[in-house]
Amino acid sequence: MKNYNALQVEKKWKKEWKESGLYEIDLKEKKRKKFYNLIMFPYPSGDKLHIGHWYNYAPADSYARYMRMQGYNVFEPMGFDSFGLPAENYAIKTGIHPKESTEKNIEYMRKQLSEIGAMYDWNKEVVTSSPEYYKWTQWVFLQLYKNGLAYKKNSPVNWCPDCKTVLANEQVQNGSCDRCGNDVAKKDLSQWFFKITDYADKLLDYSGLDWPEKTIAMQENWIGKSYGCNIDFRLEDGEDILTTYTTRADTIYSVTFLCIAPEHPLVDELTKGTKYEAEVKKVRSEIDKQTLIERTSEGGANKLGCFLGKYAINPMNGEKVPVYMANFVLMYGTGVVMADAHDQRDFEFARKYDIPLKFVISEDGNPIDPADFEGAFVNDGILFDSGDFSGMHNREALPKMMDAIEGQGFGEKTVNFKLRDWLVSRQRYWGAPIPMVNCKKCGEVPVPEEDLPVTLPDDADFTLSDDGKSPLERSEGFMKCACPECGGEALREPDTMDTFVCSSWYFLRYPSSTLEDKPFDKKLTNKWLPVDMYIGGPEHACMHLLYARFINMVLHDLGFINFKEPFKRLVHQGMVTKDGAKMSKSKGNVVSPDEFVNKYGSDVFRMYLMFMGPFTEGGDWNDKGITGIARFVERFWKMINTDYDAVESMNDLKRNLHKLIKKVTEDIEVFHFNTAIAAMMEFTNFALKNGVDGASKKILVQLIAPLAPHLAEECWEVLEHGKSVVDSVWPRFDKKLAQDTTIKIGVQVNGKVRGEIKIMKDASEAEALEAARKLSKVQKYLAEGEVVKEIYVPGKIVGFVVKS
RNA sequence: GCCCGGGUGGCGGAAUUGGUAGACGCGCAGGACUUAAAAUCCUGUUUUCGCAAGAAAGUGCGGGUUCGAGUCCCGCCCCGGGUACCA
C-alpha cells in the first residue's frame with residue numbers, strides 16, 4: 001500500500017470533476033428536490049482569500065455535499081461583491097484603476113477558490129461591478145423610485161475641509177481625517193434614501209424563518225420599536241411648542257430641563273439674533289467632531305451642550321424648565337427629550353451644566369435626594385411627588401399617566417422606531433451609478449429601463465474630490481445627456497449606490513446570472529428561492545441581512561417574486577482572528593491559506609479548520625494541530641486500503657458504525673463538524689485495531705465524503721463503487737443498533753461521585769440502587785449516616801443523600 | 001454608552017432538558033522499532049498531597065438555588081462583533 005499523496009490525488013479529482021461537469025447543475029431538473037445553498041460572496045480585496053474565507057466556505061461546501069448525498073439537487077453558486085471603497089482608496093494611493101485592481105483580485109481569488117474543491121457552479125457566477133449585473137441593480141433602484149420608496153433629502157456627511165472630500169466613518173479617527181489628520185466637520189448634502197422605515201413592522205415578522213435567535217434579537221433591537229408618547233411643552237414666551245418623545249412618561253414630574261438635538265432646526269430658530277447664537281455655533285462644531293458613539297456614551301466628560309435662553313412649561317405640573325441643546329440627543333423620535341434624574345445621561349449632563357435635579361421614584365416611595373447620589377436612579381420603584389400618581393409603582397402608573405397626558409390634550413401615545421431610512425447615495429466613483437437625470441425643465445427624471453445600464457465611465461478622475469461632489473461629475477461624457485422626457489439638455493445624477501444595494505438582491509440573480517433582458521427569470525427564481533441555507537458572518541446581522549430582506553419584500557409586494565423572505569435558514573460562522581484581532585492588511589496579520597493547502601492539501605486544511613472548534617464560534621488561528629488531521633487522513637487511507645482477513649468483533653463493529661452514522665449525520669445537520677470529525681477519528685482508531693469489512697468501508701467513505709471530498713473520491717475509486725461518491729445515497733443508521741444495551745453511570749453520595757456501576761440501559765430503579773449499594777466505596781460513605789433520599793435518573797445517575 | 005456573543009487542562013476544544021468535567025486532537029514525558037534519526041506504534045498526561053489505595057480543589061470573579069451547577073438566578077470583571085459611508 002502506498003502512502004496517501006494528497007496533492008496528486010486532489011489535482012486528479014479537480015481535473016476529473018471539471019471535465020465531467022459534475023457540479024454544473026440543471027436548474028430546470030424536476031426529479032430531485034431543490035436545495036439552494038448560499039454563501040455570502042466575498043469582496044475581492046487586495047488581501048485576496050484569507051483563512052477566514054476558507055473557514056466559511058469549506059464547511060458550507062461540506063454541508064452542500066451532505067445535502068446532495070441526501071438526494072437534493074444542490075445549487076451552490078459563487079460570485080464577487082466587487083464595488084466598494086477599498087478599491088477606490090487603493091486607486092487614489094497607487095493610481096491603479098479600480099477596475100483593473102478588482103479584476104486582478106477576482107482572477108486570483110477564483111484560482112484560490114477552486115483550490116477548495118467546492119461544488120461551485122461557475123457558470124452562474126455574478127460580479128456586481130460588471131455592467132451586466134449593475135444594470136439590474138439600477139433596475140432595482142428604479143422600481144423603488146417608481147413606487148415612492150426612493151427619495152432625496154439633505155443629510156449630514158463627514159467632511160474633511162482640507163481634502164474637500166466626504167469621508168467614510170472608517171476614515172475618521174478621533175475626529176480627524178485619516179489622510180491629512182485635520183479636523184473633520186459635518187456637511188449637509190442632498191442624498192438619496194430608500195424608505196426602509198415603511199417596512200419596519202413587516203421586517204419585525206420573523207415567522208417561518210430558521211434563524212439564530214441572537215440575529216433576530218439584534219435586528220429587532222436595531223429596528224427598535226418602542227411604545228411611548230409625545231408630550232408637548234409650550235415655550236414660556238411665544239407660541240412655539242417643543243414636542244418631546246419618551247417611553248418613560250412616569251418620570252414627567254421629575255423633569256427639570258429639556259434637551260434638543262443639535263441637528264434640530266428649532267435650535268437655530270430659537271436662538272437666531274439672541275446672545276446665545278454664537279455659543280450654539282461653537283458648541284455644535286465641537287459636537288460635529290464627535291462620533292455617534294462618543295456622543296451617546298456614558299461618562300460626564302463626553303457631554304456637550306448649551307443653554308438656549310428659553311424656558312418651557314411642563315404641562316403636568318406647570319413648572320418652568322430651561323431648554324438646552326445636548327449632544328446625546330439624536331434626531332430620533334421628535335429630536336427633543338424631557339430630561340430628569342432618572343436617566344443616567346440626563347443626570348450627567350445636569351451635573352456638568354449645574355442644572356437642578358429631582359427624583360420622583362424610590363425603592364419604597366420615601367423621598368430621596370439626587371444630592372446624595374453619584375448617578376441616576378434608573379430602577380423601578382414607588383412614585384412620590386407625582387400628583388395623583390404618588391404611591392403607585394412606576395410601571396403600573398406608566399400606562400395611566402400616558403392616558404392622563406393624552407386625555408388632557410398634552411400629547412399623544414405613539415410608536416417609534418430606531419430604524420432610519422437607508423442612505424444609498426455615495427459621492428464616489430467605484431459603484432453603480434444612480435439611474436436618474438436632472439433636467440432644468442422636467443426636474444428629477446428616472447432613466448427609462450430600456451436605456452439601462454447607465455454605464456460607469458472609465459475616464460472619470462476619481463483621484464481627488466472637490467466640494468464633496470461625486471467624481472463622476474468631472475466626466476463630461478458621462479454627465480451630459482438628453483432628458484428622457486423632454487429631450488432637452490440634462491445632467492445625470494453623479495452619485496453612485498451604496499454597495500449594500502448590490503448585495504441586497506444578488507441571490508435572486510444567481511439562477512439567471514446570464515439572462516440579458518431581465519434581472520431574473522421569474523419562474524426559475526420562484527422555483528429556486530428562497531435560499532434554503534444562507535451562511536455568512538454575524539457582522540451582517542443588522543445591515544446586509546436587513547437590507548436584503550427589505551428589497552426582497554419590496555420586489556414581492558410589486559409582484560416580481562412570490563416569496564416574502566429571501567433566506568429560510570441562516571447560519572453564522574464565527575470569526576477567525578490572528579493573535580486575538582480581526583485579520584486585516586493594516587494590522588499586517590492576514591494569514592493566507594495557500595501555503596497550508598500547498599503543503600497538506602485542501603482536505604486536510606478544510607478538516608483542520610472544521611476541527612478547530614464549533615463552526616459558529618470561530619477562534620484564534622494557529623497551525624499547531626494540523627499534523628493531527630494529516631495523521632488522521634493517513635490512518636483513514638490505511639484503514640480503507642487494508643484487507644482484514646478477520647474482523648475481531650463484528651458486533652462491536654456494527655454497533656460503533658451505526659453510532660457513528662447517527663453522530664455524523666446529526667452533527668452535520670447542526671454544523672458541528674468538529675465533533676463529527678472527532679467521532680470519525682475515534683472509529684478509525686477502533687477499526688485499525690479491530691478490523692473492518694468492505695460494506696462498512698463503503699459507509700465510512702460516504703461519511704467522510706462531505707468533509708474530505710478528494711480523499712473520499714479516491715477511496716471510492718479504490719473500493720470500485722463506480723461514479724462519484726457525492727452521487728451515492730447517504731447511509732442510514734439502524735436506531736436499535738446505534739444504542740448501547742449496557743451503560744456505565746455514576747453513583748453520587750451527597751452530590752459527590754463515589755463510584756460507577758455498569759447496568760442495563762433500561763434497568764429498574766431497584767436494580768440500579770442495588771448495584772450502587774454493592775460498591776464498597778459507596779457503602780463506606782453510606783455508613784456515615786442515615787440515607788434520607790435515593791435518586792435514580794435512568795441513563796444518568798444514581799444518588800444517595802446521607803444525613804449524619 | 002447601547003445591542004449581540006464568548007471566557008473550561010500547557011494549547012484547540014468535548015460535555016441532550018442541571019446528572020461521572022476534560023471526548024477527540026496538538027504538545028509534553030516514558031517505552032517499542034532503528035546503527036541513528038524521521039515516520040509509525042504502545043503507555044501516561046487538570047492541579048495539589050500521597051509509594052499506593054485514596055483524598056481535596058477545580059469550568060473568568062463574588063454570591064445564591066439544588067441531593068447535585070460548566071449548564072439556572074443575582075451582582076461584577078475581561079475579550080470579541082455591530083453601532084447605519086469597511087464589507
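All chains are named by letter (A, B, ...) in the order of the sequence lines, taking the proteins before the strands, and each is independently numbered beginning at 1. Hydrogens, waters and symmetry mates are skipped; everything else that's a heavy atom, side chains included, is used.
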Checking rA55(B), rG81(B), rC85(B) against the side chain of Met575(A) (C-beta onward), the nearest is rG81(B)
Grab the CZ-P distance between Phe686(A) and rG25(B) for me, whole Å please.
-> 15 Å
From rC4(B), rG82(B), rG19(B), pick the nucleotide closest to the side chain of Ile791(A)?
-> rG19(B)
Reckon Asp620(A) touches a base, only the sugar-phosphate, or nothing at all at heavy-atom distances under 4.0 Å?
-> nothing
Would a line drawn from the ring center of Tyr534(A) to the ring center of Trp211(A) be shorter than 6.0 Å?
-> no
What is the base-pairing partner of rU40(B), counting Watson-Crick and G-U wobble geometry with both distances under 3.5 Å?
-> rA32(B)
Using purine N1 to pyrimidine N3 plus N6-O4 or O6-N4 for Watson-Crick, or N1-O2 and O6-N3 for G-U wobble, both under 3.5 Å, which nucleotide pairs with rG1(B)?
-> rU83(B)
Any side-chain donor-acceptor pair under 3.5 Å between Asp495(A) and Gln427(A)?
-> yes
Name the nucleic acid region contacted by Tyr506(A), choosing base, sugar-phosphate or nothing; use a 4.0 angstrom heavy-atom cut-off, strictly under.
-> nothing
Is the glycosidic torsion of rG63(B) within 90° of 0, making it syn, or is it anti?
-> anti
Determine the contact category for Ile629(A): base if any of its heavy atoms lies under 4.0 Å from a base atom, sugar-phosphate if only primed atoms, P, OP1 or OP2 are that close, otherwise nothing.
-> nothing
Minimum-distance nucleotide (side-chain atoms of Val753(A) versus rG5(B), rA21(B), rC11(B)) = rA21(B)
Indicate, yes or no, whether a donor-acceptor pair under 3.5 Å links the base of rG13(B) to the side chain of Glu617(A).
-> no
Regarding Asp421(A) and Thr197(A), is there a side-chain donor-to-acceptor distance under 3.5 Å anywhere?
-> yes
Look through every strand shown and name the nucleotide pairing with rG54(B) as Watson-Crick or G-U wobble, where both distances are under 3.5 Å.
-> rC49(B)
Trp430(A) vs Thr496(A), side chain to side chain donor-acceptor pair (under 3.5 Å): CA-CA, chis, key distance, verdict = CA-CA 8 Å; Trp430(A) 192 234; Thr496(A) 54; over 6 Å; no
Presence of donor-acceptor pair under 3.5 Å, side chain of Gln427(A) and base of rC85(B) | yes
Establish, with yes or no, whether the OP1 or OP2 oxygen of rG27(B) is under 4.0 angstrom from a side-chain nitrogen or oxygen of Arg631(A).
-> yes
Does Asn622(A) make a side-chain N or O approach to OP1 or OP2 of rG12(B) shorter than 4.0 Å?
-> no
Across all strands, who's sitting opposite rU20(B) as a Watson-Crick or G-U wobble pair, both distances under 3.5 Å?
-> none
